[in-house]
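Contents: one structure, followed by commentary.
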Amino acid sequence: MSIITTELVAIDVDAGGDKEAVIGLLAARLADAGRSSDGAGLVAAAMAREAQSATGLPGGIAIPHCRSPYVDQATIGFARLSPAVDFGAPDGPADLAFLIAAPDSGGAEHMKLLSSLARALVRKEFVESLRNAGSAAEVVALVEGVVNPAPASAAPAPSVPSEPAQTKTIVAVTACPTGIAHTYMAADSLVAAGKKAGIDLQVETQGSSGSTPLPPATIAGAVAVIFATDVGVKDRGRFAGKPVIASGVKRAINEPDKMVAEALAAADNPSAARVEGTAGAAGASSSPSASGGVGWGTRTRQILLTGVSYMIPFVAAGGLLIALGFLFAGYDIANKPEGATQSLGNIIATTNSLTNLPSGGFVQYLGAVLFTLGGLAFGFLVPALAGYISFAIADRPGIAPGFTAGAVAVFVGGGFIGGIVGGLIAGFTALWISRIDVPRWLRGLMPVVIIPLVASLAVGLLMFLLLGRPLAAITSGLTSWLSGLSGSSVILLGVILGLMMCFDLGGPVNKAAYAFATAGLNVADPSTLRIMAAVMAAGMVPPLAMALASTVRPGLFTEPERENGRAAWLLGASFISEGAIPFAAADPLRVIPSMMAGGAVTGALIMAFDVTLKAPHGGIFVFFAIGNLAWFLVSLVAGTVVAAVAVIAAKQFAKPKTDAESAPELVSA
């Protein structure tokens, strides 16, 4: 069955002046043609999608769309409107409107239709053909030609404009601190925008979950590169000499078309910013001047988040191993026996064996070993933070001096703050040395010997002779202040941490709060355990709240959101805040403030009830490491309910301001 027929086409109709009337007109045509079992239900589904974000596109076009149980097969309805109707496009009302309706199970087909139409609608000749079509049959032929093109061997319909040849290639790198959510959302948006622009756009996704590098031949043939990252670009030197457009990862989600257009313009501009360095060089620069217009504020954020991104695996692995050690051997293994310099767990792990078990038997020995392993992994936290901050500035030559700076920070008691300062000094020192013009015979030694040696020496001397004690004093003072908080002060700290964890759902603010909690985590210091509990509990609120809201009031959410809501139960229970990103991306003004309200409640209650947490990750699955578990659950439930009620009320009573959306956002909807 064809996805569009003449029965589904309306030519030069007056739909009544608003987009709901246009959608109603087209839904009625689908119902009359037997394509929908409930026209009113289809209208409700399409309007629910409209409530999330505008479907108007520049050029007088609108693509309202939805998935609905009232549709059995993907279908397109079309109306040429007279007068035009406002669908929220930035340049005015639309005179061409497509209603795309797909069944609940037709997600892939739904996206394919959107993508095909979006690509065609950026071609002026195709749009003009629709405006000039003299009959419904001509419209059907035009639409079928782009969403279901004939095989290459078949003669194309004479009225369908041919697809422009893809003669240019752009490569892109997307990366967020975790490499789980924003990374791939940005990649999908850029690929869709590349298709719209008629170019071949290939993306390398980077993050803590790893990446598949772009082939060298693809990079060599690219006319420009796009860096959409919140962290440093791995092996940036591969792109040396290429015109570059750079931004944070969210811009690629929100404005992919503009970034592609800017990259194409940069390719034709001899004065455009370019990636510095020599292609293939390990020490290729990643300095701000090579960032394609990224300001110092954005660049600083990228540098710091690179360190946090690489630090998190050490936190997760080390922290969970420590928690498992507690589970098997009890919390006493963290204590130091009288007169001992090591913890009981370390002593058992180093003095006992499988043939010489401690008094607690094999279970205690296993717990002590796990605790010791976790402590060793956790010990890399500050060095990894400093090392990869330095890496983000100076690439590979900055890793050794950065790790050295982090190790010195730990040694002198500078902690988390010392790691940041040391990493920045190490990175900029290594970058400065790498820019010294040296004889050709010495260049090969620079990235592997000279830069690491001189930069490590410089940052080590600075940390020991000048900065170590002041940084240690600051860290000690901060720890003492936190330990001394009580009453309303500690509750206020919980509120602030809760707000930060829910503000950007895995973004820079969220990661800053998390890094603050994990870097200071000390099982012997109750104040740090309360902070860790507040951070994790508040971070669990957004996905759990959206799961609850989409379950209690499913009519306020689209079918894709309801599916995301079902998955968000497990994500929230596992402390993966990114589970709420699909909801926040579609409706940020109503979702994010609601989540922040719930997070603030949870953070405050955690502090008020003196809940503690000895594991830095794991969500409800590390219940054995939570002190006052009952109050932890009460706080989590309270914040989840507050956030869910707030988002339901916002969606029910607060009408969003309609913003124009780009076609790639529709494709990913």
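Put simply, the side chain of Phe557 reaches to within 4.5 Å of the side chain of Phe583, judged on heavy atoms. Here the side chains of Arg553 and Gln652 are in contact, with some heavy-atom distance below 4.5 Å. Side-chain contact between Trp569 and Leu544 is present, with heavy atoms from C-beta onward closer than 4.5 Å. At a threshold of 4.5 Å between non-hydrogen side-chain atoms, the residues Ile303 and Leu424 count as touching. Inter-residue side-chain proximity for Arg530 and Ile606 is flagged as unmet; no heavy-atom pair is nearer than 4.5 Å. Contact check for Leu497 versus Met607: side-chain heavy atoms found under the 4.5 Å cut-off. Residues Val611 and Leu605 form no side-chain contact, since every pair of their non-hydrogen atoms from C-beta on lies 4.5 Å or further apart. The shortest side-chain heavy-atom distance between Val173 and Val203 does not fall under the 4.5 Å cut-off.
Counting all heavy atoms, side chain and backbone alike, Ser550 lies closest to Gly565 at OG-CA, 3.5 Å. The two residues Ala537 and Thr602 have their closest heavy-atom pair at CB-CG2, 3.5 Å. Here the closest non-hydrogen pair linking Cys502 and Gly599 is SG-CA, 3.6 Å. Taking both residues in full, the closest heavy atoms of Asn352 and Pro358 are given as ND2-N, 3.6 Å, listed atom of the first, atom of the second, then distance. Between Thr205 and Ala187, the shortest heavy-atom distance links the atoms CG2-CB, 3.7 Å. Shortest non-hydrogen contact noted between Ala349 and Ala368 is CB-O, 4.0 Å.
Separation of atoms CZ (Phe371) and CG (Leu366) is listed at 14.0 Å; rounding is to 0.5 Å. In this structure, OG in Ser353 is found 12.5 Å from CD1 in Ile348, a value given to the nearest 0.5 Å. Taken to the nearest 0.5 Å, the CG atom of Asp610 stands 9.5 Å off from the CG atom of Leu529. Rounding to the nearest 0.5 Å gives a distance of 11.5 Å between CZ of Phe575 and CG of Leu636. The distance from the NZ atom of Lys614 to the CE atom of Met532 is 14.5 Å, given to the nearest 0.5 Å. A distance of 12.5 Å separates CE in Met596 from CE in Met501, rounded to the nearest 0.5 Å.
The list of side-chain hydrogen bond (donor to acceptor under 3.5 Å, both in side chains) pairs with a residue in residues 638-649, not counting sequence neighbours, is empty. Residue pairs meeting the side-chain hydrogen bond (donor to acceptor under 3.5 Å, both in side chains) criterion with at least one partner in residues 358-384, sequence neighbours excluded, are Asn346-Thr372.
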Starting from the C-alpha separation in whole Å, work towards a yes-or-no answer on side chain to side chain contact (heavy atoms under 4.5 Å, CB included) for Ile626 and Thr612. CA-CA 6 Å; Ile626 300 173; Thr612 60; over 6 Å; no

Show, in sequence, the C-alpha distance, side-chain angles and deciding distance for Leu354 and Phe362, and conclude whether the side chain to side chain contact (heavy atoms under 4.5 Å, CB included) test is met. CA-CA 7 Å; Leu354 289 173; Phe362 175 74; 3.7 Å; yes

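Residues satisfying the ring pair (Phe, Tyr, Trp, His ring centres under 6.0 Å) test with Tyr388, not counting sequence neighbours, are Tyr310, Phe391, Phe403. For Asp38, there are no salt bridge (Lys or Arg N to Asp or Glu O under 4.0 Å) partners at least two apart in sequence or on another chain. With sequence neighbours excluded, the residues that form a salt bridge (Lys or Arg N to Asp or Glu O under 4.0 Å) with Arg566 are Glu559. Legend: residues meeting ring pair (Phe, Tyr, Trp, His ring centres under 6.0 Å) with Phe609, ordered by chain and number and at least two apart, are Trp631.
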